[in-house]
Amino acid sequence: MQDLKVLFVSAEVVPFAKTGGLADVAGSLPQALKKIGVDIRVAMPNYSIIDPKYNKKKQKVCQYEVEIGQNKKKTEVFLYEEEVPTYFIHNAFYFDRDQLYGYEDDDERFAFFCKSVLEMLPCLQWKPDIIHCNDWHSGPICILLKEKYSYHPFYRKIATVYTIHNLQYQGVFPKTSLSLLGLSTIYDHPDGIEFYGNINYMKAGLFYSHALTTVSPTYAKEIQTPAYGHQLDGVLQKQSHRLHGILNGLDYKKYNPKIDPNLYTNYDIHSLKGKKENKRKLQQALGLPILEVPMIGLITRLADQKGLDLIQQRGEILLQNDIQLVILGTGEKKYEDFFQKLEYDFPQKVSANLFFDESLAHKIYAGSDMFLMPSRFEPCGLGQMISLCYGTIPIVRETGGLADTIQPFDRNTETGNGFVFRQYHPDAMKEAMEQALETYLKYPNKWEKIIYNAMSSNYSWEQSARQYVELYCGL
Ligand code: ADP
C-alpha cells in the first residue's frame, strides 16, 4: 500500500471549512486511508474564512501562474503538514470572500481551483496514481486531465475517481465557462459537458473520470431513475457499469458519548442514566419543562431535500401528544418561519434553534430519545449514524443511505435499530413516529433493546476506506 499515492480534492474539508457532509467525508476518509498505508494528500481552496489559527502552521511550497480564459492568474500553494498533508490553493481575489460559494463567478473560481491543482503537481514533483475528485467543484479536473493534460508525459497514467456526494448541486454555468477552462467548443454537446444550453461541471466528472462512486449503494441505484436523477439519470444509466456505491463512515473519535467533551455528562451503553441526565440538562438549557416525555431531535439544513414539508403538514397533529421537539438548523426562510411559529404556538413542547452550533448539536444528539430524518432523498446522511452512536433512535424515510443504515425495529424478534417509512407522505411519517412513541411509552424493555442495537451498530471509516483502496488499485 505504501506505493499507492492519492490526491483527494475537495472544496470543503473539516476542520478548515464546512457547509455539509462533503466536508466531514473529506476530513475523515483521507485519515482512514492514511491509517491503512496510502500516501494520501488533500487539496482545497485557501478561503479567508478558515480559522487563522491554522495559518501559523501553513508553509508556502510553490507559486506559478495558470491561464484562465485570456488572463494569467497567480497561484500560491501552502502546505499544512499535520496528520494528512493538505495543500491550500491561494488567490485572494477568488477565495477572500464571506462564504465558500454562491457567487456569480463560481465557474471562474473553481476553474481556477481545478487548473491550479493540476499544475501544482509538477511544481511539487509529486505524481499521484489517483486524483480523487468530489462533487461539482472538482469535476473539471477529470475532463482537463483526460482531454488536455494527459498529453504531457508528467500526467500520463494518472487516473481519476469522481465521487457524487449530492447530485442536486451540479455547478451549472453559462457556456462562457468553457473558455475559462481553456476547452474548445467540441465539448459543447450532450455527450460532452453541455447541459440544456449550459455547461455542467458535475457532468465533467461523470463522463471523464476513470471510476465513478457515490456515497451509498441505494443512492447509486436511485440516481439512475428520473425521480432522483436531477436530469442526469440518463447519463448515469449509461455509466451504470462503473458506478459504485460506497457507504460513508463515521468518525467515532469525534462522535463518542463516552468521551465527547460537549456533553453535560458522558455515558455509554452500560451507563444510560447519563443519557437521561443530558436530557434534563438540555431541557433546562432550552427552557423546556423538565418532564419524562419523549424528546425528538432534528438537526439539519432547512432545505426541501430534508422532507420538512412532511413536518409542516403533520407537525401540529403530532404535537397533540406529550412530546418535545428540538430543532437545530439554518436555511430556507419558509422553514425558519414555520419552526419559529411552531415554537410560539407550543412553547412547552418546541424549541427552535435557528443557527449553526456544533456543540449544541452534540448535546441534542445525546439528550434526545429519537431523531427525525424524513428526507425526500439522502445520498448517505450523517445525522442518523451520529444519533445511533448516542443511543438516539432514528425515525427515517427509506431512501439512499438512510435505507442502507437503518433497519426497522421488529418487536417480535427485537432486531433493528430504528423506525422506517417508505412512501413520501405525511401520514407515512406520522405512522412511523407513532410507532416509535408507542414503543417508547408502552414497552420500555424493548426500547432499551433498540438503544442497545443502535449503539452496537458500526459504520466506521475503516471498511469504506478498504473499498476505496480496492477501487484505486483496480485502476
Ligand atoms: P447534509 O450534508 O445533506 O447537510 P448530513 O446529514 O450528511 O446532511 O450532514 C449534516 C451535518 O451537519 C451533520 O453532522 C449535522 O449534525 C450537521 N449540522 C446540520 N445543521 C447543523 C446546525 N445548524 N448546527 C450544527 N450542526 C449542524
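Note that the structure is predicted; figures quoted are calculated from it, not measured. First listed ligand is number 1; within each ligand, the first listed atom is number 1.
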Visitor: Can you report which non-hydrogen protein atom sits closest to atom 16 (O) of ligand 1, along with the distance?
Guide: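 That would be Y365 OH, 2.7 Å.
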Visitor: When you measure from the side chain of N278 to the backbone of Y264, do you find a donor-acceptor pair of N or O atoms at a distance under 3.5 Å?
Guide: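 Judged by distance alone, yes, a pair lies under 3.5 Å.
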Visitor: Donor-acceptor pair, distance only, cut-off 3.5 Å: does the side chain of K306 make one with the backbone of T300?
Guide: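 No, because the side chain of K306 does not come within donor-acceptor range (under 3.5 Å) of the backbone of T300.
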Visitor: Could you check whether D309 and Y424, counting side-chain N and O atoms only, form a donor-acceptor pair closer than 3.5 Å?
Guide: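 Yes, a side-chain donor-acceptor pair sits under 3.5 Å.
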Visitor: Has N166 got any heavy atom lying under 4.0 angstrom from an atom of ligand 1?
Guide: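 No.
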Visitor: Starting from atom 8 (O) of ligand 1, which protein heavy atom do you reach first, and at what distance in Å?
Guide: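 Here the nearest protein heavy atom works out to K306 NZ, 3.2 Å.
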Visitor: Less than 4.0 Å between a side-chain N and a carboxylate O, is that true for D345 and K341?
Guide: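 Salt bridge between K341 and D345, a charged N being under 4.0 Å from a carboxylate O: yes.
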Visitor: Return the residue, atom name and 0.1 Å-rounded distance of the protein heavy atom closest to atom 24 (N) of ligand 1.
Guide: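 So the nearest neighbour among protein heavy atoms is D357 N, 3.1 Å.
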Visitor: Looking only at protein heavy atoms, identify the closest one to atom 22 (C) of ligand 1 and say how far it is in Å.
Guide: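 For atom 22 (C) of ligand 1, the nearest protein heavy atom comes out as F356 CD1, 3.4 Å.
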Visitor: Should you measure from each heavy atom of G381, which atoms of ligand 1 turn up under 4.0 Å away?
Guide: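 Counting from 1, the qualifying ligand atoms are 6 (O), 7 (O).
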Visitor: Find all atoms of ligand 1 within a distance of less than 4.0 Å from any non-hydrogen atom belonging to I386, and give their numbers and elements.
Guide: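 Those qualifying, in numeric order: 14 (O).
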Visitor: If we set the cut-off at 4.0 Å for heavy atoms, which region of N353 has an atom near ligand 1: side chain, backbone, both, or neither?
Guide: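 No part of N353 comes within reach of ligand 1.
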Visitor: Are R314 and E434 within salt-bridge range, i.e. N to O under 4.0 Å?
Guide: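 No salt bridge links R314 with E434.
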Visitor: Are any non-hydrogen protein atoms located under 4.0 Å from atom 10 (C) of ligand 1?
Guide: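 Answer no: nothing from the protein, no heavy atom, is under 4.0 Å.
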Visitor: Counting from 1, what ligand 1 atoms have a heavy atom of G20 closer than 4.0 Å?
Guide: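 Taking each heavy atom of G20 in turn, ligand 1 has 2 (O) under 4.0 Å.
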Visitor: Can a salt bridge be assigned to the pair E462 and K35 using a cut-off of 4.0 Å between side-chain N and carboxylate O?
Guide: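 Between K35 and E462 there is no salt bridge, as every charged N stays at least 4.0 Å from the carboxylate O atoms.
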Visitor: Does ligand 1 have a heavy atom under 4.0 Å from the side chain of F355, from its backbone, from both, or from neither?
Guide: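 For F355, the contact with ligand 1 is made by the backbone alone.
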Visitor: Between K334 and D304, does the salt bridge (Lys or Arg N to Asp or Glu O under 4.0 Å) criterion hold? Intermediate values first, please.
Guide: CA-CA 10 Å; K334 63 180 177 187; D304 291 336; 3.0 Å; yes
Visitor: Quick one, I364 with L282, criterion side chain to side chain contact (heavy atoms under 4.5 Å, CB included). Give me CA distance, side-chain angles, the key distance, then yes/no.
Guide: CA-CA 7 Å; I364 298 172; L282 182 63; 4.2 Å; yes
Visitor: Give the single entry among K18, Q384, K254, R301 that approaches atom 12 (O) of ligand 1 most closely by any heavy atom.
Guide: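 Closest candidate by heavy-atom distance is K18.
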Visitor: In terms of residue, atom name and distance, what is the protein heavy atom nearest to atom 7 (O) of ligand 1?
Guide: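 Checked against all protein heavy atoms, atom 7 (O) of ligand 1 sits closest to L382 N, 3.2 Å.
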Visitor: I299 heavy atoms, cut-off 4.0 Å: which ligand 1 atoms fall inside?
Guide: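 Close to I299: 16 (O), 18 (N), 21 (C), 27 (C).
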Visitor: Looking only at protein heavy atoms, which one is nearest to atom 2 (O) of ligand 1, and how far off is it?
Guide: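 The closest heavy atom on the protein side is G21 N, 2.6 Å.
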Visitor: Heavy-atom contacts with G383 under 4.0 Å: which atoms of ligand 1 show up? List them by number with element.
Guide: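 Contacts of ligand 1 toward G383, numbered from 1: 6 (O).
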Visitor: Using the salt bridge (Lys or Arg N to Asp or Glu O under 4.0 Å) rule, take K363 and D260 through it: C-alpha gap first, then chi angles, then the decisive distance, then the call.
Guide: CA-CA 10 Å; K363 291 179 176 71; D260 188 338; over 6 Å; no
Visitor: Return yes if some donor-acceptor pair links the side-chain N/O of Y169 with the main-chain N/O of H165 below 3.5 Å, else return no.
Guide: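 Not confirmed, Y169 side chain does not pair with H165 backbone.
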Visitor: Using the ring centroid of each side chain, check whether F95 and Y47 are separated by less than 6.0 Å.
Guide: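 Aromatic pair counts; centres sit under 6.0 Å.
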Visitor: Which atoms of ligand 1 are found less than 4.0 Å from any heavy atom of G329?
Guide: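 Numbered from 1, ligand 1 contributes 23 (N).
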